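The analysis underlying the following values was restricted to heavy atoms, covering all of them including side chains, and did not include hydrogens, waters or symmetry mates. Not measured: the values here are computed from a predicted model. Residue numbering restarts at 1 for every chain, and letters A, B, ... go by the order of the sequence lines.
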2 protein chains.
Amino acid sequence: MILKTTSKKIMELIREKNFSELKNELMQMNVVNISELIQEFPSVEALMIYRLLPKEKAVDVFYYLDKGYQQKIIEKITDSETQHILRESQFDDMVDLVEEMPASVVKKIIKNTSREKRGLINKFLNYPDFSAGTIMTLEYVGLNQNWTVKESLDHIKKVAENVESIYTAYILSPHRKLKGIISLRKLLMSDESEKVKNVMVKTDLITARTYEDQEDVAKKMSKYDFNIIPVLDKEDRMIGVITIDDIIDVIKEENTEDFEKMAAIEPLAEGYLEAKTWTLARKRIMWLIILMVSATFTEIVIRDAESVLSSVAILASFIPMLMDTGGNSGSQAATLVIRGLAIDEIQLKDVLKVLLKEFKVSLIVAFALSLMNFLRIYFISQVGFTIAFVVGVTLFFTVVIAKMIGAMLPMAAQKLKLDPAIMAAPLITTIVDTTSLILYFTFAKTFLNL
Amino acid sequence: MILKTTSKKIMELIREKNFSELKNELMQMNVVNISELIQEFPSVEALMIYRLLPKEKAVDVFYYLDKGYQQKIIEKITDSETQHILRESQFDDMVDLVEEMPASVVKKIIKNTSREKRGLINKFLNYPDFSAGTIMTLEYVGLNQNWTVKESLDHIKKVAENVESIYTAYILSPHRKLKGIISLRKLLMSDESEKVKNVMVKTDLITARTYEDQEDVAKKMSKYDFNIIPVLDKEDRMIGVITIDDIIDVIKEENTEDFEKMAAIEPLAEGYLEAKTWTLARKRIMWLIILMVSATFTEIVIRDAESVLSSVAILASFIPMLMDTGGNSGSQAATLVIRGLAIDEIQLKDVLKVLLKEFKVSLIVAFALSLMNFLRIYFISQVGFTIAFVVGVTLFFTVVIAKMIGAMLPMAAQKLKLDPAIMAAPLITTIVDTTSLILYFTFAKTFLNL
């Protein structure tokens with residue numbers, strides 16, 4: 001809302017070539033808002049606005065831009081402007097940039113980076129995908145354990161400009177082993193002449209590892225309510241820190257991935273709007289094929305029951321309802337269990353508790369649904385008592401079995417160290433379909449004497 | 001892992017009544033880990049361990065315990081112990097406690113609270129559900145704009161012990177209007193004799209409102225990478241702050257809610273394992289009934305096609321495959337659009353872009369699936385060319401229509417200010433089923449000359 005009026009005003013200023021007023025306007029804006037504003041304009045104006053930014057804001061604004069705009073800007077600015085951006089960048093942002101830009105832009109970036117940093121970038125690009133190493137920041141406050149509180153505070157003031165987070169400091173041995181952690185709060189509250197080693201927290205230090213999965217780090221930080229966590233390498237040396245803003249992005253990504261998996265889509269690396277048509281089609285088709293081919297089972301079951309269906313044709317009309325209700329019941333149970341496992345609310349050891357719970361829930365739900373459906377088709381569809389009864393009984397068992405399968409499969413997947421999210425609605429539905437049809441025709445044969 | 005050995009050791013120490021060693025052990029542990037440890041024990045031992053905790057740790061440990069253990073502890077401790085917990089509590093934690101405990105425990109809590117705090121608790125309980133007001137903290141650092149940097153720093157040191165976050169300070173007018181914001185970092189880097197009003201950020205201040213939806217606050221903090229945000233009331237007075245750890249809980253809850261809605265479950269207020277059987281059944285049955293009753297449409301379609309089915313009985317056997325593939329295709333599109341809308345990656349204005357994209361994707365996917373299915377049933381199931389052709393054509397159109405419906409409905413819901421998450425797999429499947437069956441029988445009649 002604010003943006004619309006602002007962008008009109010900015011457009012006006014550009015037309016009037018009133019650059020000093022424009023500069024003034026930009027000075028007062030938040031960097032995130034400036035980056036949104038820039039993206040309202042085509043590239044010529046966007047670059048013009050970008051170049052008017054005060055130097056200290058320019059780099060932050062740059063990193064809030066979309067990939068497309070970042071690329072356009074790097075392509076058009078001079079080498080010395082590029083160097084300025086890279087010099088002022090947080091290291092992890094720079095690594096992301098190198099990973100995301102096309103080769104021509106990466107070339108320009110690498111050309112304008114110091115040799116030392118180039119080596120580091122290479123090292124970072126080698127951390128496993130989705131590991132803590134790929135999201136950590138190298139800049140943090142390290143203290144010497146023999147410093148006093150005063151010396152430590154002076155050091156923090158000195159480095160404050162270049163470090164992402166100064167509110168937690170790490171006390172390191174000469175070999176970069178982590179000896180203790182201290183918050184700026186604690187430092188401010190402590191006697192200035194005290195040694196840091198006497199006031200730091202030195203036991204029960206919670207840390208992450210470079211090779212640890214980012215999702216596990218996210219869980220750890222959320223569990224302990226941390227805003228920052230130190231990252232150690234295999235040799236126990238402290239390498240960097242991970243801050244909470246990056247963890248929020250991880251949580252978002254992991255959730256998106258779960259939503260995708262649960263809808264039988266292979267996770268996308270990019271956003272929906274950025275993804276190419278071919279990519280979107282490719283990520284969806286594999287599971288559709290698998291599930292379509294598994295429908296061979298339902299085909300066989302129905303073909304076998306041809307005589308039943310031809311004697312009582314109306315039985316066919318209830319197949320969709322039975323299948324859908326079974327699928328929905330199963331996917332309800334599966335979703336709750338998958339989500340519970342994902343946020344550690346349900347553990348593998350709870351398996352019996354979960355199955356018992358689902359069993360009780362399924363009895364209630366199955367009873368209510370079958371009764372309601374019996375009454376509906378007996379009185380409204382007028383199908384006769386026995387058929388209504390067969391449909392009702394099938395529905396009852398379908399719902400109970402669907403819920404048990406829906407609860408069990410995600411836990412089995414977890415046990416087998418597979419991702420429980422694949423045991424969601426699409427797969428459960430396919431499995432429940434076959435079961436439900438077999439029951440249906442068995443009951444029909446029995447009660448209708450076919 | 002660490003916990004298992006620790007809890008054995010603690011059990012040993014309890015048996016030996018070696019309380020001084022036990023105390024020592026607890027002193028070295030992180031509060032989150034202590035609370036996990038306590039919950040490994042039955043209530044008598046749990047209370048014993050709790051009482052051995054150093055006073056400054058006890059309150060934090062208490063708030064990390066599950067509801068059940070919190071209740072047991074409050075029920076058993078003395079009034080003066082209760083008063084200690086309440087005195088040292090962050091206000092938002094205390095409000096949560098009052099909301100969650102049973103009446104008898106709330107009575108004990110209220111009895112041991114000062115009258116002033118009782119009034120405040122009441123006010124908090126009146127904020128709308130899921131509003132920013134319900135998750136904010138009242139304790140923050142407020143500064144006077146005429147103070148110098150030195151005076152401000154001295155004030156921060158003084159209040160540091162009682163305030164959740166001291167790393168961002170708020171400059172307020174005498175009527176508690178927010179005039180500016182300053183980070184502790186900036187204060188430390190500024191000249192000590194400078195006035196705060198000259199170094200604070202005073203334009204483009206991003207704030208939340210007490211009545212604002214917590215999900216919107218979460219989006220805002222994530223967008224601007226904030227660790228803390230000030231909360232103002234309707235009269236623009238600053239009331240409190242929201243910190244990032246509470247926002248992470250909000251993000252988790254909102255995601256869980258979306259997973260539930262997308263599986264046709266009404267959101268649960270509690271965790272899966274804590275929820276009662278009746279609650280779980282109640283939250284699931286409404287949607288199951290709605291979806292089951294909408295299956296009346298498929299029933300009608302199939303009954304109308306009785307003559308088609310009786311002449312070519314084998315057509316019935318492909319109904320489950322057509323329905324499931326249609327449902328899965330539709331739910332893939334719906335899930336991506338729902339998630340895109342939830343994380344603001346897709347906006348309403350992108351509607352044409354989304355539909356065009358889904359159309360292109362659906363053509364590719366539909367063509368591949370139909371061809372593959374045609375070959376499968378023609379060569380393997382040996383159903384004859386025309387039937388294989390009818391099934392193939394139906395599948396093609398079903399997939400295209402399913403993807404278009406799947407993409408469109410969530411955006412329509414958003415436009416109508418409904419939650420897009422309800423337009424997920426279950427509803428899409430039901431709608432696609434009917435469409436797909438109508439197409440199927442129409443094609444069958446046409447191509448098989450029935």
Side-chain angles (χ1 to χ4, degrees), chain A residues 28-30 32 157 160 166-167 185 188-189 203-204 222 224-225 227 244-245 248 251 255-256 259 263-265 271-272 277 280-281 284-285 288 291-292 295 298-299 302-303 306 309-310 313 316-317 319-321 323 325 328 331-332 335-336 339-340 345 360-361 364-365 368-369 425-426 433, chain B residues 28-30 32 157 160 166-167 185 188-189 203-204 222 224-225 227 244-245 248 251 255-256 259 263-265 271-272 277 280-281 284-285 288 291-292 295 298-299 302-303 306 309-310 313 316-317 319-321 324-325 328 331-332 335-336 339-340 345 360-361 364-365 368-369 425-426 433:
Chain A
Q28 312 221 354
M29 285 176 70
N30 176 295
V32 179
K157 282 181 202 170
I166 60 161
Y167 302 132
R185 178 201 302 254
L188 285 175
M189 287 163 63
T203 55
D204 215 5
S222 152
Y224 292 102
D225 287 337
N227 283 0
I244 195 74
D245 50 319
I248 288 189
I251 294 175
N255 277 312
T256 300
F259 277 108
I265 305 164
Y272 175 81
T277 304
L280 282 173
R284 297 188 197 181
I285 207 160
L288 288 178
L291 296 167
M292 185 180 76
T298 51
E299 278 170 41
I302 296 183
R303 283 177 98 164
E306 214 182 296
L309 283 176
S310 60
S317 71
I319 292 179
M321 184 277 295
M323 283 175 39
T325 309
N328 290 334
S331 98
Q332 287 182 331
T335 300
L336 288 178
R339 182 64 183 162
E345 194 191 279
K360 289 194 283 182
V361 172
I364 299 173
V365 172
L369 289 177
D433 281 355
Chain B
Q28 313 222 352
M29 284 176 70
N30 175 295
V32 179
K157 281 181 203 172
I166 60 161
Y167 301 133
R185 179 201 302 254
L188 285 175
M189 286 164 63
T203 55
D204 215 5
S222 151
Y224 292 101
D225 286 337
N227 283 359
I244 195 74
D245 51 320
I248 287 189
I251 294 176
N255 277 313
T256 300
F259 277 108
I265 305 164
Y272 176 83
T277 304
L280 282 172
R284 298 188 196 181
I285 207 159
L288 288 179
L291 296 167
M292 184 179 77
T298 51
E299 279 170 41
I302 296 183
R303 282 175 98 164
E306 213 182 295
L309 282 176
S310 60
S317 70
I319 291 179
M321 183 276 297
D324 282 349
T325 308
N328 290 333
S331 98
Q332 287 182 331
T335 300
L336 288 178
R339 182 64 182 163
E345 192 190 277
K360 289 195 283 182
V361 172
I364 300 173
V365 172
L369 289 177
D433 281 355

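Per-residue heavy-atom pair counts under 4.5 Å with chain A were compared for B/Glu306, B/Met292, B/Lys360, and the maximum is reached by B/Met292. Between chain B and the options A/Gly271, A/Ser317, A/Ala160, heavy-atom pairs under 4.5 Å are most frequent for A/Ser317. Put simply, of A/Ile166, A/Asp245, A/Asn255, the one with the most heavy-atom pairs under 4.5 Å next to chain B is A/Asn255. Per-residue counts of heavy-atom pairs under 4.5 Å with chain A were compared for B/Thr298, B/Asn227, B/Ile265; the largest is that of B/Ile265. Among B/Ala368, B/Ala316, B/Gly340, the residue with the largest count of heavy-atom pairs under 4.5 Å with chain A is B/Ala316. With chain A as the partner, the residue from B/Thr335, B/Leu291, B/Leu288, B/Asp433 showing the most heavy-atom pairs under 4.5 Å is B/Leu288. The choice from B/Met321, B/Arg303, B/Lys157 that makes the most heavy-atom pairs within less than 4.5 Å of chain A is B/Arg303. Among the candidates B/Leu309, B/Ile319, B/Ile244, B/Ile251, the residue making the largest number of heavy-atom pairs closer than 4.5 Å to chain A is B/Ile244.
Looking at every heavy atom in both residues, B/Ser331 comes nearest to A/Ala263 through O-CB, 4.1 Å. Across all their heavy atoms, B/Asn328 and A/Pro426 have their closest contact at OD1-CB, 3.6 Å. Of all heavy-atom pairs between A/Leu280 and B/Leu336, the closest is CD2-CD1, 4.1 Å.
With a threshold of 4.5 angstrom between heavy atoms, B/Leu369 approaches chain A through its backbone and through its side chain. Using a 4.5 Å cut-off between heavy atoms, B/Asp324 touches chain A through its side chain atoms alone. Interface residue A/Ile248: only side-chain heavy atoms are found under 4.5 Å from chain B. Only the side chain of B/Arg339 comes within less than 4.5 Å of a heavy atom in chain A; its backbone stays farther off.
Rounding to the nearest 0.5 Å gives a distance of 5.0 Å between CG of B/Asn30 and CG of A/Asp204. Within the model, atoms OG1 of B/Thr256 and OH of B/Tyr272 stand 14.5 Å from one another, a figure rounded to the nearest 0.5 Å.
Counting heavy atoms from C-beta on, the side chains of A/Val365 and A/Gln332 never come closer than 4.5 Å.
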What's the verdict on side-chain contact (heavy atoms from CB on, under 4.5 Å) for B/Arg185 and B/Tyr167, showing C-alpha distance, side-chain angles and the deciding distance? CA-CA 7 Å; B/Arg185 179 201 302 254; B/Tyr167 301 133; over 6 Å; no

